[in-house]
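Model, not experiment: these values are computed from the prediction.
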Amino acid sequence: MITLILFYTFLIVATFFIIWLAKSIYKNSNDFGVPLSIFFIFYFTLAGAFIFSVDAYSGFQGRDWGLRYYPIFDRLFKVEFNSIYFLSCFYYSVFIFVFLLSYLWMVKRVNKSLPTTSTEIKPVAFTYEL
């Protein structure tokens with residue numbers, strides 16, 4: 001039970017940090033595609049850990065509840081709720097944090113280099129000669 005509580009504490013803290021980073025990236029870039037892509041990155045890496053950990057702790061009674069991921073585990077690989085699973089979720093979250101922090105750093109850097117007013121933009125005269 002303690003491992004489940006620690007795991008959920010880790011997942012909740014990681015989720016809130018990911019949401020906070022996505023919000024700050026959206027404020028700096030004003031691009032809705034960024035939070036959408038962050039949602040899909042989170043969904044395909046850490047979101048399933050919320051359901052799987054409860055299912056593993058309950059003795060895999062998810063078949064009775066209607067969960068459909070068991071054939072995938074039977075055909076591809078065996079998944080257990082142990083320290084290796086916790087470590088893989090930790091590495092997923094570190095990957096997402098590094099990705100989001102580097103993206104935020106690049107967005108802030110690009111926004112600094114862009115001119116803020118129209119007076120800073122100098123017109124360029126193009127000439128065309130035959």
*Asks:* So, using side-chain hydrogen bond (donor to acceptor under 3.5 Å, both in side chains) as the criterion, who are the partners of Y85 when residues are at least two apart?
*Replies:* none
*Asks:* As an exercise, state the distance from NZ of K108 to CD1 of I25, rounded to the nearest 0.5 Å.
*Replies:*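 Answer for the NZ-CD1 pair, K108 versus I25, is 9.5 Å.
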*Asks:* Show the nearest heavy-atom pair for residues Y26 and D31, with the distance to one decimal.
*Replies:*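 It is CD1-O, 3.4 Å.
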*Asks:* Report the residues that fulfil side-chain hydrogen bond (donor to acceptor under 3.5 Å, both in side chains) with S29, sequence neighbours left out, ordered by chain and then residue number.
*Replies:* none
*Asks:* Should F42 and W20 be counted in the same cluster of Ile, Leu, Val, Met, Phe, Trp and Tyr side chains packed under 4.5 Å apart?
*Replies:* yes
*Asks:* Please check if the number of heavy atoms outside Y92 that lie under 6.0 Å from its OH is greater than 12.
*Replies:*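 Atom OH in Y92 is not crowded, with 12 or fewer foreign heavy atoms closer than 6.0 Å.
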*Asks:* Can you confirm whether L4 is buried at CG, in the sense that more than 12 heavy atoms of other residues, nucleotides or ligands lie under 6.0 Å from that atom?
*Replies:*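 Yes, enclosed.
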*Asks:* Only pairs under 3.5 Å count here: list side-chain donor-acceptor contacts from residues 6-15, not counting sequence neighbours, and write none if there are none.
*Replies:*
unit_1	atom_1	unit_2	atom_2	d
Y8	OH	F50	O	2.2
Y8	OH	S53	OG	3.3
T9	OG1	I5	O	2.7
T15	OG1	L11	O	2.7

*Asks:* Surrounding OH of Y91 (heavy atoms of other residues, nucleotides or ligands, distance under 6.0 Å), is the total greater than 12?
*Replies:* no
*Asks:* Which donor-acceptor pairs under 3.5 Å do side chains of residues 94-101 form with protein atoms, sequence neighbours excluded?
*Replies:*
none

*Asks:* Is there a path of hydrophobic side-chain contacts, each under 4.5 Å between heavy atoms of I/L/V/M/F/W/Y residues, joining V54 to F52?
*Replies:*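 Same hydrophobic cluster.
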*Asks:* Please answer: with hydrophobic residues joined when any side-chain heavy atoms are less than 4.5 Å apart, are L87 and F81 in the same cluster?
*Replies:* yes
*Asks:* Take atom CD1 in I84; do more than 12 heavy atoms of anything else shown fall under 6.0 Å from it?
*Replies:* no
*Asks:* Could you list all the side-chain hydrogen bond (donor to acceptor under 3.5 Å, both in side chains) pairs where at least one residue sits in residues 37-51, not counting sequence neighbours?
*Replies:* none
*Asks:* Just to verify, what does S24 make a side chain to side chain contact (heavy atoms under 4.5 Å, CB included) with, not counting sequence neighbours?
*Replies:*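 Side chain to side chain contact (heavy atoms under 4.5 Å, CB included) list for S24, sorted by chain: L21, L104.
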*Asks:* Decide side chain to side chain contact (heavy atoms under 4.5 Å, CB included) for I41 and L46; before the verdict, give the C-alpha distance in whole Å, the side-chain angles of both, and the deciding distance to 0.1 Å.
*Replies:* CA-CA 8 Å; I41 289 171; L46 292 176; over 6 Å; no
